[in-house]
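Every chain is numbered from 1, with letters handed out A, B, ... down the list of sequences.
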Amino acid sequence: MTTQPSHPFSTAEQKAMAAIVGQIIPASDEFAQPGADDPEILNDILTSGAALQGRLATALATLVGKTLDASQAADFRQSFPCAAELIQTLTVQCYYRDARVMLALNIDVRPPFPRGYVQEPNDFSLLEPVRRRGEIYRKVL
Amino acid sequence: MTQDPVDVLIIGAGASGAAVAWSLADTRMRILCLEQGGTPDQNTFPTTGRDWEARRAGDFALSPNQRCLPEDYPINDDASPIKVTNFNGVGGGTVLYAAHFPRLHPSDFRVHTLDGVADDWPVDYQTLEPFFAENDRMMGVSGLAGDPAYPAGKSPAMPAAPMGRSGRKLGKAFNACGWHWWPCDLAIATEDYDGRAKCINLGACISGCAQGAKGSVDLTYWPDALRKGVELRTHCRVREVTIDDQGMATGVVYFDENGAEQFQAAHVVVMATNGIGTPRLLLNSTSKQFPDGLANSSGLVGKNLMFHPYASIQGVFDDALDGHNGPHKSILSQQFYETDPTRGFVRGYTFETSRGLGPVATALTGMNWGLVPWGVGHHADFRGLQDRVTSLYAICEDLPEEHNRVTLDPVLTDSDGIPAPHIDYTLSENSKQMLAHAIARGTEVMEAAGAKHVETAAPIELAGWHLLGTARMGMDPARSVVNEWGRAHDVRNLFIVDGSIFVTSGGANPTSTLQALALYIADQMKQRLANLFD
Ligand SMILES: Cc1cc2nc3c(=O)[nH]c(=O)nc-3n(C[C@H](O)[C@H](O)[C@H](O)COP(=O)(O)OP(=O)(O)OC[C@H]3O[C@@H](n4cnc5c(N)ncnc54)[C@H](O)[C@@H]3O)c2cc1C
Ligand code: SF4
């Protein structure tokens, strides 16, 4: 049994997307982080960007069958600024919620709610100079 | 279909509608509120998932044009450098607001007398003081008493929210400059308060507070108002207010949750649909007596739109600050609030801090600034920004100008076919000077704080969150739409209580003042019940 992909991107478009997102955020050995073309992250990008397929098709078509390098990625960005920005936003949104990426960046792998976060207590002694200068509002008769 | 008449029909369940409903409920009249959106469900708010930042660009986007949810109406704001943001549902804008809760200053109500610009308000700070206090109690305000930028007497019910590393850093920088600063008054529970759990620093207040710590009116006024017998009908969008031959409001035509047209009769109609929704509704309510829109004999309905132009000053630091952890707002400065003629503009502004960014916003902001590249350098440069950005926003007083206005768009309609609002807005010279001043002073603060890089912008485009002035109050029917207690000059049983009645904008976030004013109007109505229509 084959499962239907949860996005409308063709196989060629998926490869083109992998090529460009891998140039936006490549894998890093130094920081032990996957690239945005990692299969799980790519799948998130394609699924989350399903509604954008129509707007990205023309730009992605120019990448089909190419292995990109940094300068070709820069050309793409210049030739298709709107599509490049959409892909950039989508890539970043999906990349920075990947558990491996969050761990590498020392971000707790969880949603903010319900645990929340801790903040340090206030130190109001800093307000001494403000208090010393006194009232600053304009009096109205 | 016609429904049984109600005594009071309130349109809009946002900040002002909720306050008025709660206050008028004391009268035991039959009160009904019609709201075009639904009741928000905190369990589905963005911070319940790891995709919380992405949802800020989707179903929790600030602009209705971006969200495009069934309860939203489109707004043509192409002819404005500042775009409208709002929330259409029970709670109104307070569901998404940052809950910064400063009051306007006493001087704000006397701008003509003091500075020779715009008009004085027909009410003053002193008159509103008891209503400020009542509203603070209902909304649950945290803060620190003793702010020298205000008259004595403000005493927040709960301790101030944490300033955090970013607030401390900027506080010290304001000290170095010799300028005022103070912890923000916030409508955020820092202790368990009136059934609300305390803030746990989720840091996503403008995407809705999943914890329920933020004082949005669906959690503050509405539960009490409903207990007191007010009826709230959701998913009901009002198309127009109807009138009889005597020029008295008879009720409203609305579309119910199934899209069916209904008529609801009412003895009194109260509009609480905000500074864009109210002029839109009035302009859509035409009749023989009011061919140019209801209550518009002055021609001022929709005119004098004020937004508060915002400047942003963002600093990048070497040391780690708060990231998104903690309420957005921590401290403010009102050093430049009151007029000083040597500055080259009249009136002034508030600086408020905006704490920091989550990882997605960090990367996108860094890319936007050219500090985080595509390619191999991405990871190291991202780390250079992670938790290292904090911001100052300047909220500049916007003076009323008739050419800044809301009209009806000739083409655009909402899903019920009701003509949509069209915004025409330009920045005044005074605003431009003020924004430039704020950017220069804000940059000084950031540098004094040790920022290694400062980015500025003005006006911030997606910052049309304060919607004011489009049905202003005043004593003179030729120069205002409602009188000194919120009743339309032209229609004796029509009241307006939302941000559209502001005469001037002040230089601070408006909701505290807006709700105090709504409570004041409700109080006036209660005191005059026997002769409300005289
Ligand atoms: C992102 C954001 C951040 C903000 N931050 C702050 C802050 O920190 N401090 C501050 O003071 N203010 C802030 N504000 C502004 C604050 O939310 C508003 O000042 C306040 O909500 C306005 O109150 P209102 O009663 O005038 O209108 P709203 O609260 O906007 O309520 C209007 C209601 O009317 C309903 N409505 C409109 N038209 C119709 C119709 N035809 N039929 C039926 N219902 C209708 C709408 O759905 C809405 O629920 C912020 C706003 C936003 C969007
Ligand atoms: S910071 Fe506090 S008020 Fe803001 S969303 Fe989190 S818990 Fe709610």
Region of B/L114 that comes under 4.5 Å of a non-hydrogen atom in chain A | both
Interchain contact, A/A51 with chain B, by part (heavy-atom threshold 4.5 Å) | neither
Can you find a pair of side-chain heavy atoms, one from B/R168 and one from A/L126, that are under 4.5 Å apart?
-> yes
Most contact-rich option vs chain A, by heavy-atom pairs under 4.5 angstrom, among B/F109, B/Y337, B/Y150, is B/Y150
Would you check if B/W179 and A/I136 make a side-chain contact, meaning some heavy-atom pair closer than 4.5 Å?
-> no
Taking the side chain as every heavy atom from C-beta outward, state whether B/H378 and A/Q33 have any atom pair closer than 4.5 Å.
-> no
Is it the side chain or the backbone of B/F174 that comes within 4.5 Å of chain A heavy atoms, both, or neither?
-> neither
Rounding to 0.5 Å, atoms CD (A/E85) and CG (B/L364) come to a distance of 8.5 Å
Atom group of B/R110 that falls short of 4.5 Å from chain A, counting heavy atoms | side chain
If you count heavy-atom pairs under 4.5 Å between each of A/E120, A/Q23, A/E135 and chain B, which one has the most?
-> A/E120
Just give me the residue among A/E128, A/R115, A/E30, A/R77 that pairs up with chain B most often, heavy atom to heavy atom, under 4.5 Å.
-> A/R77
Pick from A/S28, A/G35, A/A74 with the largest number of heavy-atom pairs that fall under 4.5 Å of chain B = A/S28
Per-residue contacts, residues 87-111 of chain A versus chain B, heavy atoms under 4.5 Å = A/Q88, A/T89, A/V92, A/Q93, A/Y95, A/Y96, A/R97, A/D98, A/A99, A/M102, A/A104, A/L105, A/I107, A/V109, A/R110, A/P111
Identify which part of B/Q211 has an atom lying under 4.5 Å from any heavy atom of chain A, answering side chain, backbone, both or neither.
-> both
To the nearest 0.5 angstrom, please state how far the OH atom of A/Y117 sits from the CG atom of B/L202.
-> 7.5 Å
Could you look at A/A73 and say if it's the side chain, the backbone, both or neither that has a heavy atom under 4.5 Å from chain B?
-> both
Validation row: B/N201, A/V118 side chains within 4.5 angstrom (heavy atoms) = no
What part of B/A361 is in contact with chain A, defined as an atom under 4.5 angstrom from a non-hydrogen atom: side chain, backbone, both or neither?
-> neither
Can you tell me how far the CZ atom of B/R355 sits from the CD atom of A/Q119, to the nearest 0.5 Å?
-> 4.5 Å
Is there a side-chain contact between A/V140 and B/Y125 (heavy atoms, below 4.5 Å)?
-> no
Residues of residues 323-331 of chain B contacting chain A, heavy-atom criterion under 4.5 Å, by residue number | B/H324, B/N325, B/G326
Look at B/D115, B/D124, B/D387 and state which one has the largest set of heavy-atom pairs under 4.5 Å with chain A.
-> B/D115
Structural part of B/N175 lying under 4.5 Å from a heavy atom of chain A = side chain
Check whether B/T362 gets within reach of chain A through its side chain, its backbone, both or neither, counting any heavy atom under 4.5 Å.
-> neither
Once you round to the nearest 0.5 Å, how far does NE2 of B/H180 lie from CZ of A/R131?
-> 10.5 Å
Tell me, side chain or backbone of B/A161 under 4.5 Å from chain A's heavy atoms, or both, or neither?
-> backbone
Engaged part of A/P26 at the chain B interface, taking heavy atoms whose separation is under 4.5 Å = both
Residues B/A149 and A/Y137: closest non-hydrogen pair is O-CB, 3.0 Å
Results of ring pair (Phe, Tyr, Trp, His ring centres under 6.0 Å) for B/H379 - residues two or more places apart only = none
Which one of B/R165, B/Q334, B/H105 has the most heavy-atom pairs closer than 4.5 Å to chain A?
-> B/R165
Within residues 49-59 of chain A or reaching into it, pairs that qualify as side chain to side chain donor-acceptor pair (under 3.5 Å) - sequence neighbours excluded | A/E13-A/Q53
A/L68 versus chain B, the contacting section by heavy-atom distance below 4.5 Å = neither
Would you check if A/L127 and B/L144 make a side-chain contact, meaning some heavy-atom pair closer than 4.5 Å?
-> yes
At a heavy-atom separation under 4.5 Å, does B/P151 approach chain A through its side chain, its backbone, both, or neither?
-> both
Between B/A210, B/P373, B/P106, B/G358, the one whose heavy-atom pairs under 4.5 Å with chain A are most numerous = B/A210
With a 4.5 Å cut-off on heavy-atom pairs, point out which of B/G171, B/A57, B/G203, B/G164 contacts chain A the most.
-> B/G164
For A/R138, is it the side chain, the backbone, both, or neither that has a heavy atom closer than 4.5 Å to a heavy atom of chain B?
-> both
